[in-house]
Amino acid sequence: MEYNFRAIEQRWQERWKTEGAYKVSNDTRKPKYYVLDMFPYPSGSGLHVGHPLGYIASDIFARYKRLKGFNVLHPMGYDAFGLPAEQYAIDHGIHPAVSTANNINTFRKQLDNIGFCYDWSREIRTCDTSYYRWTQWIFLQLFKSWYNRKTNRAEPIDRLVAFFEKEGNVNHPIPNFKSEISPADGGIKSQIFSASGWNGFDEATQQAILMEYRLAYCGYGEVNWCEALGTVLANDEVINGVSERGGFPVVKKKLRQWYLRITEYADRLQHDLDVLEWSDAMKEMQTNWIGKSSGAEIKFEISNLKFQIVAYTTRPDTIFGVDFMVLAPEHELVDHITTAEQKAAVEEYVAYVKSRSERERMAEKKISGCFTGAYVINPVNAKEIPVWISEYVLAGYGTGAIMAVPCGDERDHRFAKHFNIPITNIFGDLYTGEEAITGKHVTVYNSGFITGLKVSEAAEKVIEWLGDEGVGERKINYKMRDAAFSRQRYWGEPFPIVWKDGIAYPLEESALPLELPHVDSYKPGPEGEGPLANIKAWTEQHLETNTMPGYAGSSWYFLRYMDPHNDKTFCDRKVSDYWNQVDLYIGGTEHAVGHLLYSRMWTKVLYDLGHIGFNEPFKRLLNQGMIQGSSRFVYRVRGTNSFVSFGLIENYETDKIHVDVNIVDGVELDIEAFRKWRNAEYANAEFILEGDRYICGVEVEKMSKSKFNTVNPDDLVDRYGADTFRMYEMFLGPVEQSKPWDTKGIEGVHRFLKKLWRLFYDEQKGKLWTEENPSAEELKVLHRTIKKIEEDTEHFSFNTAVSAFMIAVNELTDLQCHKKAILENILVLLTPYAPHVAEELWHLLGNSGSVLDTAYPVFEEKYVTESSKLYPVAINGKTRTEIHIALDATPQQVEELVIANEIVQKWLEGKTPKKVIYVKNRMINVVV
RNA sequence: GCCCGGAUGGCGGAACUGGUAGACGCGCCAGACUCAAAAUCUGGUAUUCGCAAGGAUGUGCAGGUUCGAUUCCUGUUCCGGGCACCA
């Protein structure tokens, strides 16, 4: 009886399906555990071996927790809206709904092949109306809420209106009100109004004011506008200022956009990281993204003009060293302050900056800028300071204006040197004129009332002074900006918003879902609007023509899995109270700041409004690494049809060509398959071989179709079985780490499963297993394995767990152990990793009931205790020999034993050792 | 440019809290079985000097701390991920 994995896997997959083995109940007394994979986007090219890495890890953990007695929620679904389907529709005329459904079917077949324990009755798709109805509903909650800074939580907008009617907005001023464009002549645009003021405003004004508070709001923002294509482009569709397709110029254009006021949550998003079990690296990335800093906003009057520039600085202590100001080129004041002489130069520079992406601007090493001709007055010493514009200042950060202190900031220093702006020294002898002093543990000099003070004291004093003089104030700033929440695209959730006379009104919740209409063309609408603007029936109702971005549906999907078929609410409160947070979330680091921050915000909003009982979605996060492709190359002698083997290429002038890794065995090319490859393009190829083999070149690259280095899991499952495939993916290395794929090694894992099988059955002799009592040696192997597998699984060290299984099977084979009492426990340990073979053998051993729900073996120390240990003995840190020593030996006994040792004596060369270091259970070091 | 990771034999990787570097597997070499091959099994396999016993070197690179460093510190090189409209 041999290991027939195909029959075994098919049999159990069918059994588990018909018996509903993976169906999860919301109604049980068992403790819950929620394991979640990051939502996949069902791309057209299907799964390659890189995708299931995290899914296998989560599957193992979910099955492990189930064996440990938990009710485990382990669902899967699809993030089905997105740009690629729409682009495919534009190119091929196939409706995104159709291509997406096809892609999902392929995905599902591939996933099923691998034997996951997903509860498919809970599957969700973001593009289903039954799902996006609730995405729209949550959007309405965001639209109808504001952030009360007094209570520090989101509240219904009606409450705010009630405040306005009673007391105006004096206690709740407009958040993030930008004052920098205010004329300084007393005409400062007021942001504060009284109750009577509010009650006197017309509807349009009132709604405009409320829009300043809503958590989902409409504003204006810049997009990548490509005139030639008549459309808005994503950042990765723009390369060096031109469109990727066609190479047409791309400029910034202001469009009406929806935003989420995530900045109101900046502090809580930062603070609550403390309670999450995420990697430090991940927390650090979010912290940097949120970018909390404290400093001051300082007003600089413009000489001869009735304007002021407000600059944000984290170093108010350097105010006496300000030598120039720099505005973002798109700053609204630029037009107002530029002098006639500088007008042409400024306009030219602004045009240049408009063609540049934000990333290009930040990465630019070359210094550029332009003087505006204007001067401001430094409030502390009345010094006249020239005002420049430069691309290194971004409009979106701080106030879009900086006070430049060349002797205290590297970029400012380079700028001053480049444009020959005189540099004021405020750091005394420390500053030599060569490099800016950026350290924060220094003393400032030449600085009026703060001369001689340390940085932090000086900063405090300046902030105090600014407040007293009314020219500035303390300010906490965040690098994070409000999240753009609209796209000028078709394939996304429509906004449940109607426009009347320029005012946005929400649809009734009972009117949801607002279904995405069919379109004949996916071409953009007029003026950069989305395709919905082309539909008469849509625009006649004055419906919003933007759609929501990809992250809308994925910001809350983990809640819908809990209660996927509820048509009364997005998720019943009782159900979300039971499942609560996701206990383990597995996915890639590429979502570090996007998806993970947005879902955290949505969770907090839903919590604030009382819809759920927890304010963080993902308690524990495990980041999986990428599986890279290992590409293979053939080398064609230039201008010929001959291909030369890798070892001989130095003798020829060759062109390197990607070859499909699936027709290469290791590094050896299957020449016959190569001749048939790509419609027999190389049918007549000639080969210059090494011996009788053609050896390919190897490089590690990203796994992608265009590089012919993708490997389809279906092929491997077909050849070796799902159990082998699962274990091999894990065996490849730590889940968190990126590593290249190598199909060759899978045979080792397959051999392991066959070897395991042979502990139970022999091909010729048949049944081997017995009911005999196990020996002490066998029990030791078993219990060491229980301990190791349990620890490794808990720590997600799946690769070492697989090798522990191999060691156990090797040892049991050496011991010729065929005893049921040992083997059946090994099977339970193996169930999360290789469920099919475990279940099969479990039943062959005569057990009834599924191995999926049996009890996990319990480790017992008494079987593994040893009385002595083989210690490594080092002389001066270099291991020279090994000595058996009883574990209960005293340090004195150990020292005597060690010094008496022949080899130690040889290395001592007659000298007495200075010291003998004995670390129990570890090692011994003799210092000479 | 900025932020976050990573680098160990021919290859993937192991090494707990600073304590025997290279577990396990692939590949390779040798042997057994076989007419032969596949499959399977057994042994060997970091580099280097040596017949051997044994020695020296060795965790990207350059330093440092320590009885002892893959592990901690400083600097540096290269590779991967993210940088706000890919998801």
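For clarity, every value in this text was computed on a predicted model and none was experimentally measured. We name chains A, B, ... by the order of the sequence lines, and we start the count at 1 in each one.
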Check your understanding: Of V749(A) and N288(A), whose closest RNA chain B nucleotide lies nearer the 5' terminus?
Key -> N288(A)

Check your understanding: First and last nucleotide of RNA chain B touching chain A, 5' to 3', heavy-atom cut-off 4.0 Å?
Key -> rG1(B) to rA87(B)

Check your understanding: Heavy atoms under 4.0 Å, any strand shown: does P40(A) hit a base, just sugar-phosphate, or nothing?
Key -> nothing

Review point. Under the side chain to side chain donor-acceptor pair (under 3.5 Å) rule, what pairs show up with a residue in residues 589-600 of chain A, not counting sequence neighbours?
Key: Q286(A)-R600(A), Y585(A)-H595(A), H595(A)-S599(A), R600(A)-E616(A)

Check your understanding: So, K292(A) side chain and I290(A) main chain: donor-acceptor pair closer than 3.5 Å or not?
Key -> no

Study note, to complete from the structure: Between Y728(A) and K702(A), the residue closer to the 5' end of RNA chain B by nearest nucleotide is Y728(A)

Review point. So what does A281(A) touch, heavy atoms closer than 4.0 Å: a base, only the sugar-phosphate, or nothing?
Key: sugar-phosphate

Review point. Under a 3.5 Å cut-off for both distances, is rA30(B) Watson-Crick or wobble paired, and to whom?
Key: rU42(B)

Practice item. Check every strand shown and say whether L83(A) touches a base, only sugar-phosphate, or nothing at a heavy-atom separation below 4.0 Å. Key: sugar-phosphate

Check your understanding: Taking atom C1' in both rG18(B) and rU66(B), what distance in whole Å separates the two?
Key -> 9 Å

Revision key, fill the gap. Expected label for rG58(B) (glycosidic angle, syn inside 90° of 0, else anti) would be anti

Study note, to complete from the structure: Applying side-chain hydrogen bond (donor to acceptor under 3.5 Å, both in side chains) to S486(A) and not counting sequence neighbours gives Q257(A)

Review point. Looking for any heavy atom pair under 4.0 Å, which part of the strands does V926(A) touch: base, sugar-phosphate only, or nothing?
Key: nothing

Revision key, fill the gap. Residue pairs passing the side chain to side chain donor-acceptor pair (under 3.5 Å) test with at least one member in residues 868-884 of chain A, sequence neighbours excluded, are none

Revision key, fill the gap. side-chain contact (heavy atoms from CB on, under 4.5 Å) filter on R922(A), not counting sequence neighbours, yields V919(A)

Check your understanding: Looking across every strand, which nucleic acid part, if any, lies under 4.0 Å from K915(A) by heavy atom: base, sugar-phosphate, or nothing?
Key -> nothing

Check your understanding: Counting any heavy atom closer than 4.0 Å, what does W225(A) reach on the DNA or RNA strands: base, sugar-phosphate only, or nothing?
Key -> nothing

Just list the side-chain donor-acceptor pairs under 3.5 Å for residues 724-732 of chain A, sequence neighbours left out, or say none.
unit_1, atom_1, unit_2, atom_2, d
T724(A), OG1, Y720(A), O, 3.1
T724(A), OG1, H750(A), ND1, 2.9
R726(A), NE, Y833(A), O, 3.0
R726(A), NH1, D59(A), OD2, 2.9
R726(A), NH1, I114(A), O, 3.4
R726(A), NH1, G115(A), O, 3.1
R726(A), NH2, D59(A), OD2, 2.8
R726(A), NH2, P832(A), O, 2.9
Y728(A), OH, D742(A), O, 2.5

